[in-house]
Novice: 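Quick one: the structure is below, and I'll ask about it shortly.
Chain letters run A, B, ... following the sequence lines, proteins first, then strands; residues in each count from 1.
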Amino acid sequence: MPDRTTHSARDLARDLARDHFGHDHLLPGQADVVEALAEGSDVLLVAPTGAGKSLTYLVAGRLLDGPVLVVSPLLALEQDQVDAVTRAPTEVAAARLSSVETPAQREEALARAAAGEVGYLFCSPELLADADVRAALGALAPVLVTVDEAHCVSAWGHSFRPDYQRLGALVADLGSPPVLAMTATAAAPVRDEIVERLRMREPRVVVTGFDRPEIELVVRRCRDADAQTSATRALVAEQHAAGHAGLVYARTRPAVEELAALLAEDLGGEHVAAYHGGMARRRREQVQDDFMAGRLDVVVATSAFGMGVDKPDVRFVVHAQVPGSPDTYYQEVGRAGRDGEAATAVMMYRPEDLALGRYFVGGVPSRTELRRTLDVVGGLTRADSLAAVDLAAVDPAAVADELPFGRRKAGRLLTLLELGRVRLDDGDPEPRAVVDSALEVAEAQQRLERSRVEMVRTYAETHRCRVEFLLAYFGEQHEPCGHCDACRAGTAADAHAEVERADHPFAPSTAVRHPEFGDGTVTDAEADTVTVLFDDAGYRTLDVRLAQEHELLTAR
DNA sequence: CGAATAAAAACTAGTTTTTATTCGGTGCTCTAGT
């Protein structure tokens, strides 16, 4: 229904983008997001880095003419955004609220926001968890809350940065303003989890393309750790000789240090540096700056390196060990070839490395821990019924005081209990039922994480086109790319043709049911196997013939 | 789960095999001491 109001909102948005931020026009996806926000909808924006996601909330802030709160995972990322707004033609200012700013600076920023001078406030989820900060921000009545790198809600919530899982409750406490969640990675379960955790209300979902035709994907199978190392060294030496800059990912800090030392021997120490979370902050900033400026050619890193790295001429990305999931793999690989020129991504695959991924998934809490947490909440809130309490909004520190475990764990337990309670859909559930339900949530999370690790194996061992496989994982259909190793070896075209010919009984996005794994959706189909994302069991790859013979998989 | 290290064992004094133990990623914030 392209009526006049829609048109004028779009025109106005374009004018605001030009006058305030110096952009002549909005891309179609950007305009869709701004328009939906203008109508008061929540929006989930899934778009690759460099697609101009931030312009959407910048323009929406001007259009709605009020303060925008941006929740962001990294202080450095926030500072980049503040600087960008400061450089823009707009009169409206941006400020960061973090532990780096003094209390006086924070108060000044809030006062200026109240006066309408500061239109964009950036803060971390941890700071938003502070009740005083939240009260001050709520008093500003933000017209929009943006959650940047929203996949962290899914990836980081469980135990690493638990305030991410509480974000939904924290935002609700600000008066439930409209929410814009932005991410560059989003397989179906990640999308669902973002929407659920942030408590988004029938969000408009805007997805832009994920295909990166300039990146050539290759998997090399390595017999042992030595073969892995020497293959990595040979490849990096070759790329470096060609004058290319690139990234090498390893899974542990010692592995990173070791590889960096070897590569320094090969290429000269001034060209290579290590980067991981255990290094001093100063040193890490130095390495990132040097790499961005071209003073360093190769960075060997753990997953710590990457967010906010937008260097256009990264020519290669090597995974010296397997990544933790297809999701992180595509994120890391996507840092190559941002300039659109050809780039190479090679995974040195050794199945034993998947063990580390399984370890990082972690365990589930015990029934006793959940029960004791629930009892403490009951004591704290004095509520007669669990129905009246938003468990995710309970302060974990208060719970942790009463129990022999820390704030972090308390936060995780509270979120699980809240998820378990909501899932029961019972007005006044028994504590025991809530505990059981929370445990099931935790186990389902664990199964999903483990199945993601397994999907890396499936990717590495497939004969199909790498691009076709990965994009299917993200819910996009794609023809064989023609330049990955499988395509060049000729196996990809055969595998693809077989699927086409086979009149496959389970096409992607078919809703299916399995007696053991429950309900799921087909994400990918090969000639003799089918990959299903089950609601409770995660990703599973099943043999089609076996499934049909034993009637294991039925359409629903 | 598996790799690296330490400790124990084992047709027995110096070296190899077996078993046990430890460790492993991502960052915010606040606090204490320089």
Novice: Does the structure place the NZ or CZ of A:R540 under 6.0 Å from the centre of the six-membered ring of A:F517, at an angle of no more than 45° from the ring's axis?
Specialist: yes

Novice: Is any side-chain nitrogen or oxygen of A:R407 closer than 4.0 Å to OP1 or OP2 of B:dT29?
Specialist: no

Novice: B:dC28 P sits how many Å from A:R106 CZ, rounded?
Specialist: 14 Å

Novice: On DNA chain B, does the nearest nucleotide to A:H276 precede the nearest nucleotide to A:A225 from the 5' side, or the other way round? Give the residue.
Specialist: A:A225

Novice: For A:L354, answer base if it contacts any base atom (sugar-phosphate contacts may also be present), sugar-phosphate if it contacts only those atoms, and nothing otherwise; contact means non-hydrogen atoms under 4.0 Å.
Specialist: nothing

Novice: Counting only side-chain N and O atoms of A:R350, is one of them less than 4.0 Å from OP1 or OP2 of B:dC1?
Specialist: no

Novice: Would you say A:F160 stacks on B:dT26, if stacking means ring centres under 5.5 Å apart and planes within less than 30 degrees?
Specialist: yes

Novice: Whom does B:dC1 pair with, Watson-Crick or G-U wobble, provided both distances fall under 3.5 Å?
Specialist: B:dG24

Novice: In sequence, state the C-alpha distance, the side-chain angles, and the governing distance for A:Y473 and A:Y330, and then conclude on ring pair (Phe, Tyr, Trp, His ring centres under 6.0 Å).
Specialist: CA-CA 11 Å; A:Y473 178 86; A:Y330 207 60; 9.6 Å; no

Novice: Quick one: label A:P125 by what it contacts on the DNA or RNA (base, sugar-phosphate, nothing), any heavy atom closer than 4.0 Å.
Specialist: nothing

Novice: Expressed as a whole number of angstroms, how long is the span from A:F360:CZ to B:dG24:P?
Specialist: 9 Å

Novice: Going by atom types alone, do A:Q228 and A:D353 pair a side-chain donor with an acceptor below 3.5 Å?
Specialist: yes

